[in-house]
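Have a look at the structure below, then the notes.
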Amino acid sequence: MATQEPSCWMVSVLMRSFGRREALITTRALNALGAGTLLGSWWVLSATGSAARARYLPAPPEVFAALARGVADGDILVAFGETLHHFAIAYASAVVGGLTLGVLLGRFDLASRGLHPIISFLRTLPGVAVLPLMLLIFGFQPRAVGASAGFAAIWFVLLNTMRGVRSTHPTVVETAKVFRVSGPRMWLKVLLPSAAPQIATGLRTAMGIALVVAVSSEIVMGRGGLGAFIRRSQDTLQPASAYAGILLVGLFGVVLFQLAQLAEEKLIPWKGRG
Amino acid sequence: MKAFAAWHGSGRAMAVNTQLLRSSVLALACTGALIVAVESLVALGLLDPLIVPPPSAVTLSFIEGWQSGLYFRESLITVRRLFLGLLFATAVGVPLGMAMGLSRVGRAYFNPIVSFLFPLPVSSLIPIALTIFGLADAMYYSLVALATGILLTIASRDAVVNLDRTYIETARTFGLSRSKTFLKVVLPAVTPRIAHGAYTAFAIGVIVLMTAEIVVSSRGVGNILVLARLQHRVADMYAGIVLIGLLGTSLNMLTRRGGLLLARWESEWLNKQW
């Protein structure tokens, strides 16, 4: 990093002496410089190292070649499909279970107070720690991975739904009552829309957690999915393939996050206004 | 007047206390009922003890784990790994994040690096960390440091960027020097937010560490779980999960207290019940 200092200093001088447009251009240039430093130092380190270093730091082109190879012979795609399967089980169960329980606990104060210690204990358990339990219950099945990832994710949906349902302003509820709104209509038109932004936050967080825990569980189990693919590649001295797997997991996470953000903007445009 | 205030205050405190007491009794009763239900279901033969052991057996195993000194020894190892990782992450992440927040050049330069590393699931790097460090403790705390360091960098950057400009303008009006402004105005204003970031980062660090300990299983709390599973000691496995949960809960409480101490002038985020 120290070698970059003079150019940074120069750019800062330039930024002070030019206008806004130039400042934008220098920001872009600095962005490129930062990304270049990351990629460059990776490349230089992997090219100059010993054979031992090549085992954990393959050169960038090798990683992309491994990714292309994996896609061509379908290896990495199969692993990706398995991860997708695990993630789908986990997320679906977390959403269904979390929303149901969250609404119930949000409505019935007594139940939520009674279950508080149990929930806050279960919530601190890392998803991977319950994987042995799930393996015991479900056997070496995709369901075991899905269940441990779902277990890790469900609390984010549950607690955010509960808080969201509770946060509806009493005046709003009273007003709706004056207009004789009740029962399912009250839920659909008043309580859920006002809880929606908070629920969306929970759903988005749960998404990331479900993915991370699914991949971690695959690493632990060593069978099925990108996690197992990464571990196997590293164990069989194919670090380029391992990096390709990691890259794919990261990319998938970014895509999921963007999709969630898009869905949020389309479905609940009132989020973030109040 | 004073007497009235005291009476009023104590009355309010008492009301809060009785409510707290009632909630605790309810929670205790619920937890107790659950334990009794599981115990009797196992005794009646409705639950397979090889999948769900009776709570009494788990309790005995838990007590034995403490008496033999195993739990204490392994917990100490896990906590040390966690704190070393977090220490390193704080030492690098907080200054880096604040530098990014203060200087536009720094932000433009480091942003691509941070936003590349942020979505990377750190637990998928476990196989690679294992190749680099072997079974040394450095493997564990480097993973914790990476996972928490990125979160701390982002939290520190955003804390500085979102700082109310009026604070700095006011400081300038009073003629405070740059270093004094930083020490007396910026630092106290951003500390609560960074503490909040550290609190979140800590939870993620626990998850990453647990995953690493379960995958690699060289000492630590995660190892207790792995050994119990491999030797089909089901009650010991459940006891290990309880230990992990209790460790997580107490560490969580500890960081919450620490955060409260650091953020005592802006403690809204800590006042949320759950």
Side-chain angles (χ1 to χ4, degrees), chain A residues 4 8 11-12 15 23 26-35 37-38 55-56 110 113-122 124-133 135-137 152 159 211-213 215-216 219-220 226-227 230-231 233-235 239 242-243 245-246 249-250 253-254 257, chain B residues 22-24 26-31 34 50-52 103-113 116 119-132 203 206-211 214-215 222 225-226 228-229 234 237-238 240-242 244-249 251-252 272-274:
Chain A
Q4 295 301 333
C8 265
V11 173
S12 79
M15 276 176 80
T26 34
T27 304
R28 290 269 176 277
L30 276 167
N31 279 336
L33 199 66
T37 313
L38 186 70
R55 245 185 271 156
Y56 59 80
L110 211 64
R113 268 190 284 159
L115 293 176
H116 181 205
I118 297 174
I119 290 177
S120 39
F121 174 77
L122 291 177
T124 49
L125 279 177
V128 179
V130 293
L131 178 68
L133 207 91
L135 288 176
L136 208 64
I137 298 172
L159 294 180
L211 178 65
V212 168
V213 177
V215 173
S216 311
I219 291 178
V220 174
L226 283 170
I230 293 165
R231 189 178 176 181
S233 305
Q234 192 63 25
D235 286 350
Y243 273 79
I246 293 168
V249 175
V254 172
F257 192 78
Chain B
R22 215 181 290 158
S23 288
S24 320
L26 190 72
L28 256 169
C30 274
T31 317
L34 186 77
L50 285 177
I51 290 179
V52 184
S103 133
R104 201 192 310 208
V105 173
R107 197 153 60 241
Y109 180 73
F110 283 110
N111 258 347
I113 300 177
F116 173 76
L120 218 62
V122 174
S123 35
S124 69
L125 295 175
I126 292 170
I128 286 157
L130 194 59
T131 321
I132 300 178
V206 172
I207 292 174
V208 169
L209 182 60
M210 279 301 140
T211 312
I214 290 172
V215 175
L225 211 63
V226 174
R229 186 173 84 82
V234 182
M237 202 178 87
Y238 273 78
I241 292 177
V242 172
I244 289 175
L246 286 179
L247 197 66
T249 314
L251 285 174
N252 242 341
K272 278 191 203 150
Q273 248 272 291
W274 47 305

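Convention: sequence-line order gives letters A, B, ...; per-chain numbering from 1. Hydrogens, waters and symmetry mates are skipped; everything else that's a heavy atom, side chains included, is used.
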How long is the straight-line distance from [atom2] of [Y] back to [atom1] of [X], given to the nearest 0.5 Å?
| X | Y | atom1 | atom2 | value |
| --- | --- | --- | --- | --- |
| B:Asn111 | A:Leu30 | CG | CG | 10.5 Å |
| B:Phe110 | A:Leu33 | CZ | CG | 10.0 Å |
| A:Ile246 | B:Ile126 | CD1 | CD1 | 10.0 Å |

Problem set entry | Donor-acceptor pair between A:Thr37 and B:Tyr109 side chains, under 3.5 angstrom | yes
Exercise. Judged by modelled atom types alone, do B:Thr211 and B:Ser123 share a side-chain donor-acceptor pair under 3.5 Å?
Worked result: no
Among [options], which residue forms the greatest number of heavy-atom pairs with chain B at distances under 4.5 Å?
| options | result |
| --- | --- |
| A:Ser233, A:Ser216, A:Ala32 | A:Ser216 |
| A:Ala35, A:Ala29, A:Ala129 | A:Ala129 |
| A:Gly250, A:Pro132, A:Gly227, A:Ala152 | A:Pro132 |

Which atoms of [X] come close to chain B, meaning under 4.5 Å heavy atom to heavy atom: side chain ones, backbone ones, both, or neither?
| X | value |
| --- | --- |
| A:Leu135 | side chain |
| A:Val220 | both |
| A:Pro239 | neither |

Could you tell me which of [options] has the largest number of non-hydrogen atom pairs under 4.5 Å with chain A?
| options | result |
| --- | --- |
| B:Leu120, B:Thr31, B:Ile51, B:Ile132 | B:Ile132 |
| B:Gly222, B:Gly106, B:Gly245 | B:Gly245 |
| B:Ala27, B:Gly248, B:Cys30 | B:Ala27 |
| B:Val242, B:Val208, B:Asn252 | B:Val242 |
| B:Thr249, B:Val234, B:Leu251, B:Ile207 | B:Thr249 |

Using non-hydrogen atoms only, which part of [X] is less than 4.5 Å away from chain A: side chain, backbone, both, or neither?
| X | answer |
| --- | --- |
| B:Leu34 | side chain |
| B:Val226 | neither |
| B:Leu225 | side chain |

[X] side chain near [Y] side chain, heavy-atom distance below 4.5 Å:
| X | Y | answer |
| --- | --- | --- |
| B:Tyr238 | A:Leu133 | yes |
| B:Leu130 | A:Gln234 | no |
| B:Met210 | A:Val128 | no |

Problem set entry | Stepwise side chain to side chain contact (heavy atoms under 4.5 Å, CB included) check, A:Tyr243 with B:Ile128 | CA-CA 9 Å; A:Tyr243 273 79; B:Ile128 286 157; 3.5 Å; yes
